[in-house]
Amino acid sequence: MDLSQVSRSVRLLLGQIQRCRPALLSNQTARCLSQAASQPEPSADENEAVNPTFVNRNPRNLEQMALAVKDRGWKTTWPHRQFYHRLMFSRSQHHVTAQVFSSCSPIPVLSCSTKEWAVKKELASTNCVAACQAVGEVLAHRCQQAGITRMVYRVIPWTYRSDSVQSFRAAMKAGGIILSEPRRKYIGT
């Protein structure tokens, strides 16, 4: 090591000691090169404060807590529009179809039908009671995967007692789907 480098190191060290000397004389422990900033103590009120620009990142959060607004629609419309998700079940001469609609869209969110090859190949007939049960089981599984566990199912009164509708409802309930929605909670401000 060169003599000039040693003298430069000594000068730097003496400069640091001179900068720290007033702190050492006042009996305070301090580090010369870095000092930790004092953190203010959090108050209890800060934890309860809500940001005025809060953005809900889960759009179904209010729906699951039954706080979201349900569109009431007109009293003369049928079927009623007061739901978050609605289940529609239909049978034709050749096929069985079930669809789940959201209240804000006329396009189905989920659907299942005996027209699908995966369902059709497992059935002997595409419009029997067993087909209705199979469609109910598959749709219940798809609803569980999508996170939709509650929906409104209003069947047409004169078709309610048929065996196919009863087997479809039983398959949906066995799949863990609740065929009614909670009543909307109104919170006073």
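Side chains included, hydrogens not; waters and symmetry mates left out as well; all remaining heavy atoms used.
- Shortest non-hydrogen contact noted between Arg150 and Pro182 is NE-CD, 3.3 Å.
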Using the side chain to side chain contact (heavy atoms under 4.5 Å, CB included) rule, take Leu110 and Gln99 through it: C-alpha gap first, then chi angles, then the decisive distance, then the call. CA-CA 6 Å; Leu110 296 169; Gln99 298 172 328; over 6 Å; no
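- When every heavy atom of Thr114 is checked against every heavy atom of His94, the shortest pair comes out as OG1-O, 4.5 Å.
- Residues passing the side chain to side chain contact (heavy atoms under 4.5 Å, CB included) test with Gln144, sequence neighbours excluded: Thr149, Ile177.
- Atom CZ of Phe168 and atom OG of Ser162 lie 11.5 Å apart (nearest 0.5 Å).
- Residues satisfying the ring-ring contact (aromatic ring centres under 6.0 Å, His included) test with Phe101, not counting sequence neighbours, are none.
- The hydrophobic cluster containing Leu139 also contains Val96, counting ILVMFWY residues as joined when their side-chain heavy atoms lie under 4.5 angstrom apart, directly or transitively.
- Minimum interatomic distance between His85 and Glu181 (heavy atoms only, all atoms of both residues): N-OE2, 2.9 Å.
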Sequence neighbours left out, cut at 3.5 Å: what donor-acceptor pairs do the side chains of residues 127-135 make with other protein atoms?
residue : atom : partner : partner atom : Å
Asn127  : OD1  : Ser125  : OG           : 2.9
Asn127  : ND2  : Gln93   : O            : 2.5
Gln133  : NE2  : Glu137  : OE2          : 3.4

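- For the atom pair OG1 of Thr126 and NE2 of His95, the computed distance is 5.0 Å after rounding to the nearest 0.5 Å.
- Distance check: Arg169 CZ to Phe89 CZ gives 11.5 Å after rounding to the nearest 0.5 Å.
- Cluster annotation: Ile178 and Tyr153 are assigned to distinct hydrophobic clusters (Ile/Leu/Val/Met/Phe/Trp/Tyr, side-chain heavy-atom contacts under 4.5 Å, transitive).
- With values rounded to the nearest 0.5 angstrom, Ser103 atom OG is found 8.5 Å from Tyr84 atom OH.
- To the nearest 0.5 Å, the span separating OG1 on Thr97 from CE on Met88 amounts to 11.0 Å.
- To the nearest 0.5 Å, the span separating SG on Cys143 from CE on Met172 amounts to 4.5 Å.
- Here the closest heavy-atom approach between residue Ser113 and residue Val119 is recorded as O-CB, 3.8 Å.
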